[in-house]
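Following: one structure in structure tokens, then a few remarks.
Within every chain, numbering begins at 1; the chains are lettered A, B, ... in the order of the sequence lines, protein sequences first and strands thereafter.
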Amino acid sequence: MNTEILGIVLSFALTVALAIPLGKYIAKVYAGKPTSLDPIFNPVEKLFFRLSGINPTQEMTWKQHLVALLTINLLWFFWAMFILMNQGWLPWNPDGNPSMSPDLAFNTAISFLVNCNLQHYSGESGMSYLGQISCLMFLQFVTAGTGMAACAVVFNAMKERTTDKLGNFYDYFIKSCTRVLLPLSFLVALIIMFQGTPMNVEGKASFISMQGDTVQVSRGPAAALIGIKQIGTNGGGYFGVNSAHPLENPTYLTNIVEVGSIIIIPIAMVFALGFYLQRKRLSWMIFGVMTLGFILFLLPTVYLEMQGNPAISQMGIGQHLGSMEGKEIRFGSAASAFWAITTTVTSNGSVNAMHDSLTPLSGMFAMLGMMINSLYGGVGVGFLNFYIFVIIAVFISGLMVGRTPEFLGKKIEAREMKIATIVALLHTLLILAGTAIASYVFVRNPSIGWLNNPQFHGFSEMLYEYTSSSANNGSGFEGLGDNTPFWNISTGIVMILSRFLPIIGPIAIAGILANKKFIPESAGTLKTDTSTFGLMVFAVILIVAALSFFPSLALGPIAEYFSMK
Amino acid sequence: MKTQSASLFQADLVKEALGASITKLNPKIMFRNPVMFTVELGTIVMLLVTIYSLSHNDQGTFAYNLTVFLVLFVTLLFANFAEAIAEARGKAQADSLRKTREETPAKVIRTVGEMYLNEVQIISSARLRKGDVFICEAGDTIPTDGEIIEGLATIDESAITGESAPVIREAGGDKSSVTGGTKVLSDKIKVEVTTQPGESFLDKMIALVEGASRQKTPNEIALTILLAGFTLIFVIVCVTLKPFADYANTPITIAAFISLFVCLIPTTIGGLLSAIGIAGMDRALRANVITKSGKAVETAGDIDVLLLDKTGTITIGNRKATHFHAAKKVDHQAFINAITLSSLSDETPEGKSIIELVKTSENIDLTIDSQQISLKNTKNTSSYSIQDLHFIKFTAETRSSGIDMPDGRRIRKGAFDAMRNLTERAGNTFPQDISEAVKRISSNGGTPLVVTENEVVLGVIELQDIIKPGIQERFERLRKMGVKTVMVTGDNPLTAKYIAEKSGVDDFIAEAKPEDKMNYIKAEQATGKLVAMMGDGTNDAPALAQADVGVAMNSGTQAAKEAGNMVDLDNDPTKLIEIVEIGKQLLMTRGTLTTFSIANDVAKYFAIVPALFIASIPSLQGLNIMKLHSPESAILSAVIFNAIIIPALIPLALKGVDYKPIGASALLRRNLLIYGLGGVLIPFVGIKVIDLAVSLFF
């Protein structure tokens, strides 16, 4: 087998192999069973809870969970705004980077608050070390923890019983951070640090290159931030060019570790569900559907990137390495394609190659991954999005077998359908409406200077930006001049809506279902852990995405693809 | 059951429905159906555009716009027609039942204070009010629904049930209801009117079908929400397409926008949704079941547990005598004589079956005239004067019946334990061999009747239940549907177990008292299951009300009919099985047509999207995989396909998707393949074919 492809297969297989035991461990954490990390973290947690006056054993209803979740997020938002707008004069700023403008601070604060990490600034010149650590890295932990805690609430609600008591939010949240995110990101940080990623608080280093120029090299507490950036599907890089930067992702080994870190928790969460509910078949069904979609996007992308760009071939330039524009030679086209799909199906958004330079259809698959946003998806929230599709699929297929639809013994009725429909609708609305407004403004002010590329590719740049914002992904088609009030504010609004409504929706549905009477299975019940049902979910996901986005994709990447042939 | 017309579209019904499809265009009515309401808005816009295009040419030619307008208009009519034809069929079916209760004269007895006068007035049936009492004699048609308060009569109910054999209805029992339109064949009854005019179950059902009081069922509401969601997605897609097209420098005509929108929204299921619901009630009515709400039919599809009375459902009518076992040392002939005499006045089906068996298998010739009864067997003849015979009726205390002979013999027959008490109290021993015979009969599912003479046991009559042919298969089918069947019987546990095993029910309640049913239902419901039952007596009323689906027999008491949510005109206990299937079909038809409708959109995209942009972005020709002739023909073909698929699916909506009890996953696979994959592929073919025709003009 081709070494490049072998590299992909091995890193994926390794990640899945690690995700299964990790899932078992996560299930144990949420079930409140003892784990080996208890001796270290139990005293810390006890201290937290004592200081804040929280009783972690007090169970909450789904509404109380949401109140807790939203309140704590609001506090973080104010904290982030304060730091970003004042980092210029605050300590730990050896390079003297400035404070952010209000609209950029708004965009950045929201972007990190919603686990999106869309970056309209460049890390080297836009952030102080205090800002990187106390604002960005802090948010990368707690927002990932928020997503996982929300997911844990839904796990709890899926148990076979009738109740409105769904565990304690703060307990789930703290445990997600201390028992899962902290140890894993520590491990990743350690590995990449040994491979050469800096971890210090010193200012820029400089050296004189062979041409004799003086080159300034930014440094700082990079390794720690990169660990959680990958593990928590955050994606906001320490350096501007993210994991394409030689200090952020120095070697092929760090590339494997980083790309694996992107999907390990999203996959582990799926298996955690099976261990938690003792429904392993259900986990395998969900994992199967997600992987099928993932592979469906991955294969053509790897193929297309390895084939090279036809426009370049027409110039008579050989492309035996594949399409290498915007890619790093130490990773190659296949591993870059693998990363591109991995980072977009999850809501990570870190990059090791420039997505703007992907061949048109690869760019489309990257966008489709974000448009679906639940093939693995973000930590915790990926499953929540998937849950919405499961509810819709259960409803339609329940009718198709002649029975009022039920999922895990709970009847799906009008109220749940209303919530599921709104959540499913929201993503389409935000992406298309955002792109439509941007197109409208652009057509009337062609000299506004947003787009580096004309025509279809320019359209893709705008579509990609809103897709990435709405999927809380954070990667960009970097041809877009996006640090303007219009883009900062509009994507900020999109990010905040697309973060919290898709968390509120599934928790509300799960909470309402948990309170309903449990109906035991009979021969007439549609089993949801079968491949048939998996196929149904897959069809629902694909059809909803295709119907929502076909016209816009046709005008962007598809038109570009046909015009390049 | 009545013979049904095989044709779905009878000429007169179609005519009626066509008229209704026009009147249903009223936006106030359309608003109830969000999907079709948006189509109506689009049609109005297209009308304006068509008028505009007479004088301007920037929106395409007049002919093209007019065609799009007409196709949209026809789409609306088709959807309305689907609903109207379903209503018309339901109404026609109900009318044919109502026809039987046209104006008939009623012999009403007027009351003075609390007293009934003997004066009988003849008034029109329409003037009867609840609480009135009327008389019916042989040959009269019963003017309206009521409950017999005095007397007994044989009644011909064929007008309603289609069953020609007359039935007996009498005051006081569980078979005290009479239905308007049926005919009294013999005797005289006094009947109290139980419903106000216009408020009978049939009237209520007709109102349900006509839509005035039709309420959406929970599943229908949830589905409407989903469909509204899809409609909104396409509103977003179509509205945002305008700035996208501006970016791409592509002018898109209003006709193209509206066509794209109408094609994408789920008009197929949107247009057929209410027709499917009405057709469900209509199918129930065709099975001679009156439903009090659409929800009841839907719930029937979800039933987990079915309570079935043994008699009439699992076994044919009543028990029949099959064997006579004489006790040791008792002369067989004397035993047979005693049996015959004791059963002479026994009018119960069991009693009659004993006489039948005596005549056929024991060669006894029995002649009865008004004076004398003579019994002739192979050896001798004995005659008795009827005046001298004293018949003892069955009572609940003695649990036996019999005859006192002029010569002082006291012949009794009755239940085993009652007869044992009787003999033992008289100081006689109950013979060992008869005890054993009794046990053997019980464990074989039979019922023993012990016969004594002067408190000495002569022998035992074996009565057997005859299990209905084909019932095992029906239970097997129910099991595959995931429905648990429970037999309810007054028999002892041993007999019940035997019949339960033989007939294949999953569980049984033996020696059932009315409250046992109730408790069983409550226990099942507590575990989250839905229970259906059928009943007739006043005793059954609480259980009928408690059950999720309660089917009352039309012959049952008024209380039972009020308590249940369906009434079976045929009084056929196996009807529950059909009702469950009707409910499942109803849900399945909705689910499969929704899938089909959404799946259709894939092909429509491939038709319309290239058509929209091909002028300014020629490279998108690559998406025109159907190789449609021109942008205009592509758009027209898609809307025409979208329109004609609605009438094409009306038969399916009315008849319902076939239910196959092959397990939920297999059923899903099957329906996904037919309606999902089929839904993706069929429009590719359909649109291409239509395009070949349309391309001659555009």
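- Qualifying ring-ring contact (aromatic ring centres under 6.0 Å, His included) partners for B/Phe234, counting only residues two or more places apart in sequence or in other chains: none.
- Proximity of B/Leu672 to A/Met400: side-chain heavy atoms (C-beta onward) are separated by under 4.5 Å at one or more points.
- Considering only heavy-atom pairs separated by less than 4.5 Å from chain B, the leading option among A/Glu416, A/Glu406, A/Met536, A/Glu413 is A/Met536.
- Interface remark: B/Ile233 contributes backbone and side-chain atoms alike to the contact with chain A (heavy atom separation under 4.5 Å).
- Looking at B/Leu241, only its side chain comes within 4.5 Å of chain A, counting heavy atoms on both sides.
- In the displayed structure, A/Tyr440 atom OH is contacted under 6.0 Å by at most 12 heavy atoms of other residues, nucleotides or ligands.
- Inter-residue side-chain proximity for A/Arg444 and B/Asp246 is flagged as met; some heavy-atom pair is nearer than 4.5 Å.
- Evaluation of the ring pair (Phe, Tyr, Trp, His ring centres under 6.0 Å) test over residues 587-623 of chain B, restricted to residues two or more places apart or in two chains, returns A/Phe550-B/Tyr605, A/Phe550-B/Phe606.
- In this structure, B/Thr595 and A/Ser397 have side chains that are not in contact, with every pair of non-hydrogen atoms separated by 4.5 Å or more.
- Considering CG of A/Leu555 and OG1 of B/Thr250, their distance stands at 7.0 Å, rounded to 0.5 Å.
- Only the side chain of B/Val609 comes within contact range of chain A, judged by heavy atoms closer than 4.5 Å.
- Residues of residues 674-681 of chain B never come closer than 4.5 Å to chain A when only heavy atoms are counted.
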Which atom pairs, one a donor and one an acceptor, fall under 3.5 Å between side chains of residues 263-270 of chain B and the rest of the protein, sequence neighbours left out?
| residue | atom | partner | partner atom | Å |
| --- | --- | --- | --- | --- |
| B/Thr267 | OG1 | B/Asn642 | OD1 | 3.0 |
| B/Thr267 | OG1 | B/Asn642 | ND2 | 3.2 |

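- Of the listed residues (B/Asp304, B/Val235, B/Leu586, B/Ile221), the greatest number of heavy-atom pairs within a distance under 4.5 Å of chain A belongs to B/Asp304.
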